[in-house]
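In what follows, a structure is listed as structure tokens, so that the remarks can point back to it.
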Amino acid sequence: MTEQGIPVNPFAAVAHAGGHVLDAAEYRSWFDRDHAAHAEPMWKLERAQTFYEPDVASWRAMMDGDWAGSLAMTERMAGTLEDYFRSRVPVRRARVVEFPITAYLQWEMHVLAVRARAGSPCRVVPAARVAALDPLPELVIFSPSLMYEVLYDRYGGCRGGRRIGDPGVVGPCLRAVRELYAAGEDVLSFCEREIVPLPPPMITDEMRAAVPAYGHRTEEFRV
């Protein structure tokens, strides 16, 4: 990510880029439409260390303190994920990781390992690698001319996204995400070494109090 020897940050342009702002329902609808229409690999950049995913049953179990149940539910997602990715273009994720590992990230690494075995590869990028680029946006990139900046509420729950179609912004971001991905460590080796040996995550009352209201449990997953 250099230009004539001078470091540049292509992600800085995202905040100022024009885009179509979508609420959560609109974002899912537009996203699904674009995902079905594009034949190129999808690229994801994920930076935040905590998200809230109340529609995912294994996440809910983790938040309830049932770590063994959470891991069992995560493993049961394998068949669904294999079927899903068998008919979809590849999804390649660059996942930034900080230490100490947050409770969310400990859970997500197990999910990403299952996803990787099902055909959705992920590489882990140390936070130090992106320190000069922070704050990083959360991005999903479909092509050199189309990406979404995913937007979150104060808890880390998805509240929608911005659909950005400026090649002058999207293209450099895509190249940078590819570079980060290429320099990262495969999630399977990282998870085995750094995540599997950890004790169950600590879930505090404060964390539980921040969980948005929910009325059901599903085993849906984010692409």
Side-chain angles (χ1 to χ4, degrees), residues 1 35 38 40-53 55-63 66-131 133-134 136 138-142 150 156 158 173-203 218-223:
M1 286 168 278
H35 192 201
H38 282 77
E40 302 172 56
M42 182 198 304
W43 295 83
K44 297 195 73 173
L45 174 63
E46 195 169 54
R47 173 67 180 89
Q49 302 299 288
T50 298
F51 292 112
Y52 274 67
E53 303 201 33
D55 287 333
V56 180
S58 60
W59 182 86
R60 295 294 324 182
M62 184 265 292
M63 292 296 287
D66 182 8
W67 184 234
S70 175
L71 293 181
M73 290 178 190
T74 297
E75 289 299 326
R76 287 201 294 271
M77 293 170 68
T80 300
L81 287 164
E82 288 170 1
D83 291 341
Y84 182 86
F85 289 115
R86 192 175 294 120
S87 61
R88 297 280 184 160
V89 297
V91 180
R92 296 174 182 147
R93 182 188 312 247
R95 203 340 167 180
V96 177
V97 170
E98 295 182 16
F99 288 91
I101 300 293
T102 63
Y104 173 85
L105 198 61
Q106 184 175 347
W107 169 80
E108 188 193 34
M109 283 290 130
H110 285 279
V111 175
L112 294 180
V114 171
R115 291 170 61 95
R117 290 192 291 267
S120 179
C122 171
R123 289 183 176 270
V124 175
V125 180
R129 176 70 173 76
V130 300
L133 304 174
D134 278 330
L136 286 177
E138 309 290 328
L139 299 178
V140 180
I141 307 176
F142 284 102
V150 190
C158 181
C173 286
L174 176 56
R175 289 191 292 273
V177 172
R178 284 173 170 166
E179 288 183 24
L180 291 173
Y181 179 90
E185 178 183 357
D186 184 85
V187 70
L188 294 175
S189 61
F190 179 87
C191 189
E192 189 66 27
R193 185 184 69 250
E194 302 288 352
I195 304 300
V196 172
L198 294 175
M202 296 292 296
I203 308 300
T218 72
E219 195 51 272
E220 297 175 359
F221 58 91
R222 292 183 301 121
V223 176

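One-based numbering along the sequence shown.
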Would you indicate whether the side-chain heavy atoms of [Y] and [X] approach each other to under 4.5 Å?
X: S58; Y: W107; value: yes
X: M109; Y: V97; value: yes
X: D134; Y: R47; value: yes
X: L139; Y: C173; value: yes

To the nearest 0.5 angstrom, please state how far the [atom1] atom of [X] sits from the [atom2] atom of [Y].
X: E108; Y: Q49; atom1: CD; atom2: CD; answer: 9.0 Å
X: Y181; Y: R95; atom1: OH; atom2: CZ; answer: 15.0 Å
X: F99; Y: T102; atom1: CZ; atom2: OG1; answer: 11.0 Å
X: M62; Y: S70; atom1: CE; atom2: OG; answer: 6.0 Å
X: H35; Y: M42; atom1: NE2; atom2: CE; answer: 3.5 Å
X: T74; Y: L112; atom1: OG1; atom2: CG; answer: 10.0 Å

Pair up each side-chain donor or acceptor in residues 192-199 with any protein partner under 3.5 Å, not counting sequence neighbours, and list the distances.
residue	atom	partner	partner atom	Å
R193	NH1	E185	OE2	2.7
R193	NH2	E185	OE1	3.0

Residues forming a side chain to side chain contact (heavy atoms under 4.5 Å, CB included) with [X], sequence neighbours excluded:
X: P41; answer: W43, P90, R92
X: R117; answer: E75, A113, V114, L188
X: A48; answer: F51, E138
X: V125; answer: A94, V96, R129, V130, L180

Residues that [X] engages under salt bridge (charged side-chain N to carboxylate O under 4.0 Å, His left out), provided they are two or more places apart:
X: R123; answer: none
X: E40; answer: none
X: D186; answer: none
X: D66; answer: none

Hits for side-chain hydrogen bond (donor to acceptor under 3.5 Å, both in side chains) against R76, two or more places apart or cross-chain, chain-then-number order -> none
